[in-house]
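The shown structure was predicted, so the numbers you read here are calculated from the model rather than taken from an experiment.
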Amino acid sequence: MTSSRDVDQSALDALEDAVESGRAMLDDTTHEYTAASRRTLDDALGEAGTLDGTATSDQCSQAMAAIAKAERDLVPVTWTVDINGTAMGLTRHDNGGWTLDTGLLDKALSVESGHKLTITSNDPTLGDKGRVTLSADTWKTSRTNEPDKDSSIGFGQWVENGSAVLFGSSKGRTYTVTSSWLQLKGSRIADVAGSPVSFDTEKREWVASPSIALDRHGEPAIDSITLDNGEKTVVDLSYGKATGSKSGVLTRTATASGRLNGSRQPYRITVTASSDTSKARESLSALIASAKERFLPGAHHWTAKSADTYSNALAIASNILDSDDAAVNDLAEASAGLSAAVDGLKAVEWSTSDGTVLEWNRDDDSYHADLPASSSKPSEKPLKAVSDDGGKATLTRAAGDAVTYTDITLGVTEVSGAAHWTGSTKAGRPLSVAGSYDYRAGKKIDVTGGSGETLEFTSRNGYLAANTTSRLDAKDKAELQRIDVDGVKTDIVWSNTLNRASTDTTTTITRKGKAEGDVTVDGHTQHWVVYVTASRVEGRVASLSVIESAADGSTTEHTIDGFDENRTDYTLTLDYSRVSDRFTLGYKSASSDDGVTQGAAIAPTLGADAARILKVRLNGRTYTVTVRFTQPKPVVTNTAARLSGIYVNRTGKAVKGDLIEGWNPDVLTYTLTLGANDPGVYVLPEAPSGVTVKASDVKQTAYSTEQAWTSTAANGETRTYTVRVVRDHADKPTADERFSPAAPKDMDGTTPSPSQSTTDIQAAGYLLDGRFVKQEGGRFNIPEGGVFAYKSYAGQTVQVSTRKTGGMTYEYTLNVLAPDGVTFASHTVTATYVQAPTHKALLDGILINNTRLGGFDPSRTEYSARVSNLDHWTVAAVFDKDSGMSVTIHKERAKATLTVTSADGLVSRVYVVNLTQDAVAGKGTDGVGVLSETGSNVTPALLATAGALLAGLAGLGLHGLVRRRHRGND
C-alpha cells in the first residue's frame, strides 16, 4: 500500500526522459507547430517540472501520459493558397521559408488586383491572423494567334503564355509562390455558312467559301454572316450582278475581309449564291416553241386584240430567255404571261346567220359547219356568214348534190341527202356549210281494193306494190275491173289462166290480174303495181260421223262409210251396250262463200228400239243418220243367279207393274223408251227364293239412265241385269245440242304479205267483244261469246273448212292460196267453245233411298249418310239436264262415288258419300224410278213420285217381297 506513495526513482527517471523529449520537439527548428498545440505541450512539461522526489509513481505516470498526449496532438503549421480555384499547399524548408511551384497552368494565374496573392495558415498567430499577402516579384506574359506557331490554334482562337514569382514575409518567415501558364482563348469557328475555314499560309489569313441559294427572285438567302468565337463579329455581304442564267445556273458573288474580334485574326470570306434556272428555261423555251406552233397559221387567224397580246407576251418571253441574269421568277412570269396570252388567243369565229358555228380545219385553213339534221326540204337560197371580228361572207348552194328517195307508200316518199353551200372570206379562206336532211313529201293516196279495203303499198325492187282480192262469178269473170288511183282509173289486165287448188272440202278457182301506173311526188316518179287475185270457192261436205259421248265424258267417233254429199240418209248400227250414251253428228264441211257451213242445230229424236235419229243441216242440205243398236243375246252362265222377272210400271207409280217387254231370265240387258211427255217408269226386279238382288252402278245423262242390279245365288254365282231408259227430247235439246258456231272471221286481209308466195297467216285466235285475241299452238279454248277468227295477209285467198269432232269441239282447216295465186297450203287448229252451261260439272243434289241429302252444297264433295241396310240401298244424282252434263255412279257396300263430267269434257268433279247402317238393320230398298221429267233440275218431290233417276222410289214393295221370300226360306 505504501509503495505507491513512495518515491519511485525509476518513475522519476522516466518522467525526466519524457520532459527532455518534449523539450526537444519544441526546440526542433525543422518542424513548426501551431502555437496552440505547442502551448499544450509546454503546459504539460511545466506540470511535470513541478514534481520532485516526493512525487508518487502515479503522479509520474500521469505527467508522462499528459506529455505523450500533447506530443501526439501537436499540429504542424500549414500554408495554402487558391490557384485558379484549386487549393494548393506551400512547402516549409529547413531555413524556415515556405514555397510553392504551381507548375504549368492551362490558364493565366488568377490573382488579386496589383498582381497580389493571399496565402492562409492554420495558425492564426502567424501573419495577419493567419494570412499573408504576396506581391509579384516578377510577372511576364506573351500571346500568338497563328496556327503554324501553335497547332492548337483554330479560327477565332489565340494562345496566351505567362510566368510570375510572388513573395512575402512575416515574423521572420518568407513565403514564395512561383507559377507559369499557357492559355488557349476564344471558341473555334469550324465553318462559315457550312463551308469549312482554312488558313492561307501565303496570305497569312483565314479563308472560307460558302455556297448559298438564290431565291426565285435572284436574291441571296443571306446578306450578312455573324462570326462568334465568344465575341461576335458581323460580316456584311455585298453581292455583285447575277450572271449565268443562260447556262442554267444563275450566280451572284460577295467577298468580305477583316479581322476577327478577340483573336484579331485576318479573314477573307467569299460567298457564292446560285439557283438552278435550267428547268424554268426549258419550260419557257418549250412554251415559246409551242406558242409559235399554236399561233399558226398566223395573225390573220386570230382576233386582233388577242394576237397583239400574244405578240407582246412572246417578245417578253424571248427577251427573258435570252437574258443571262434572268431569275427563276423572271422566267416563270414570262411563262405565265405567254401561257395566258396563248390561252387568250381567240380564233376568228365564223357562223351562219342562224348561229351555227363553222369549225376551222387546220390542214387547209378552211372553215366548215354541219347544220343540224333537218326534217324539211333544204332552201335553195344563199347562206349568210359573219365573223366575230366583223367579217361577212355569202355562201351559195352547190349544184349536183345526191338525193335519195325512199318510197313509204303510194303518194308519200322520204327524201334524204345532204345540201352544200360554199364561199370564202375576204382574205380568201374557204367557207363551207353542209346539212343533211330527211323529210317526207306528198300525201298518202288511198286506193280501194276488191273487198272495199284500203290497200297498203310496200316498196319492192324500185316500185310500190299492193295486193287485193276479188270474187269470180260463175263464169269466172272478176267483179273488180279497174283500180282508181287519185282519180285516175286504170284497167286491170287479167290473165286468161284459171288456177285450181282442191282439198277434200273445197276447190278454189283463182285468176290473176295486174294494174300499174305512175304518180309524181316532189319531182320523184313513183311506179305502182296492184296485184289482184280473183277467186271463187266451191265448198262441199266431205264427211259425216257419229260422235258418241259416254256418261264418264269419253267420246268415240264413228265415221260414216261410203259418204256422198249428194246422199242425205245413212244408218249406223252399234252394239246394244251403247244405248244409254249420247250421240251427235260430226262433220267436215265448207261453204261456198264466207257464210257458216252448219245451219241451225236440230235436236235428236228417238226411233224404234231406242234408235237415235240424228240430223244436221250443211250447206243448205239436211243429212240424217239413224243410229240403231243390236239386240242383246241370252247368257246361259251363272243360271243359279237368275231373276224371276223385272217389272215396269209406266204410270210412274211406285207399285209393281207389268213384266218388262221381251223378258227372258237369260237376257241381261233391256231398253225402255219414253216419249217426250210420258211419265217416268217404276222398275222393280224380283228374285226367286235363294237369290238376293241389290242395286249397283248407275250411269246418267240428260235424257238417258242406265241402272244395274246384281243378283247373287246361294252358291255364290252372280249376274248383273241392266235396264236402260231413254227419253225422246226433240223439243228440248240440251245446250250442247243447241250450239252451232258462227262463221269464222278474217280480222285483217290488208297487211302487206311478206312475199308473194306466203301461205302462212299472221295469227289464229278468236274475236270477243270486238277484239281479236291471238292464240298460240294448234289447240285452244274460245270463251263464251267468242268466234273463231284469224288474220290473213293482203292478197291471200283463205277458205275455212269446219269439222265437228266433239260436242263443243271443232277443227278448223284454213286453206290458204298465196298472193301469187299459185302457192297453196293448209293449216289446222282445234277449238273448244266454252259456254257456261256446257262447262258446268256441279250436282244440285244427291238422293239416298229416294231422299235428298240434307245440307247439300254443290261445292262440297264429301258427305255421310245412314241407311237401314247396307246391302239394299239406292243412290241417284240430281243435276241440270239442260247443261248436257253426265254422271257415273260407282256403288260399293258402304260408299258411293259420283263422277260428274261437263258437256264440253273439260271439267269433272267427284262426289263421295260414305254410308253407315242403323243400329237395328232394316229391309232396305232396291226398286227404282226412272226419268219422270224432261226439264232441267228435277226436284226431289218429282223424283219421289215419278222415279226420275233410277233411285229406289217405292222399293218397299220390292223389299217386302224379297224379304218375305227370304224369311220363307229361313
Lys69 and Asp73: CA distance, side-chain angles, deciding distance, salt bridge (Lys or Arg N to Asp or Glu O under 4.0 Å) verdict: CA-CA 6 Å; Lys69 182 179 184 306; Asp73 291 341; 2.8 Å; yes

Heavy-atom closest contact (Thr251 atom, Thr272 atom, distance):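 Result for this residue pair: CG2-CG2, 3.6 Å.
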
Considering all heavy atoms, the nearest Pro220-Ile212 contact: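 Closest approach of Pro220 to Ile212, heavy atoms only: CB-CD1, 4.0 Å.
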
Trp360 and Trp302 aromatic centres sub-6.0 Å: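 Ring centres of Trp302 and Trp360 not closer than 6.0 Å.
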
Centroid-centroid under 6.0 Å between Tyr310 and Phe295 rings: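 Yes; Phe295 has its ring centre under 6.0 Å from that of Tyr310.
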
Steps toward salt bridge (Lys or Arg N to Asp or Glu O under 4.0 Å) verdict (Arg143, Glu160): CA-CA 4 Å; Arg143 62 182 289 170; Glu160 187 176 286; 5.4 Å; no

Hey, is the main chain of [Y] close enough, under 3.5 Å, to the side chain of [X] for a donor-acceptor pair?
{"X": "Asp324", "Y": "Lys246", "result": "yes"}
{"X": "Trp421", "Y": "Lys381", "result": "yes"}
{"X": "Asp325", "Y": "Ala242", "result": "no"}
{"X": "Thr277", "Y": "Arg281", "result": "no"}
{"X": "Asp101", "Y": "Ser179", "result": "no"}

Taking the side chain as everything from C-beta on, heavy atoms only, tell me whether [X] gets closer than 4.5 Å to [Y].
{"X": "Arg38", "Y": "Met25", "result": "no"}
{"X": "Val415", "Y": "Asp522", "result": "yes"}
{"X": "Leu126", "Y": "Trp79", "result": "yes"}
{"X": "Trp98", "Y": "Thr91", "result": "no"}
{"X": "His301", "Y": "Val348", "result": "no"}
{"X": "Leu74", "Y": "Thr34", "result": "no"}
{"X": "Leu431", "Y": "Val433", "result": "no"}

Lys203 atom NZ, over 12 foreign heavy atoms within 6.0 Å: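 Atom NZ in Lys203 is not crowded, with 12 or fewer foreign heavy atoms closer than 6.0 Å.
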
Over 12 non-hydrogen atoms of neighbours within 6.0 angstrom of CZ in Arg131: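 Atom CZ in Arg131 is not crowded, with 12 or fewer foreign heavy atoms closer than 6.0 Å.
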
Can you tell whether the side chains of [X] and [Y] come within less than 4.0 Å, N to carboxylate O?
{"X": "Glu146", "Y": "Lys149", "result": "yes"}
{"X": "Arg259", "Y": "Glu231", "result": "no"}
{"X": "Arg204", "Y": "Asp148", "result": "yes"}

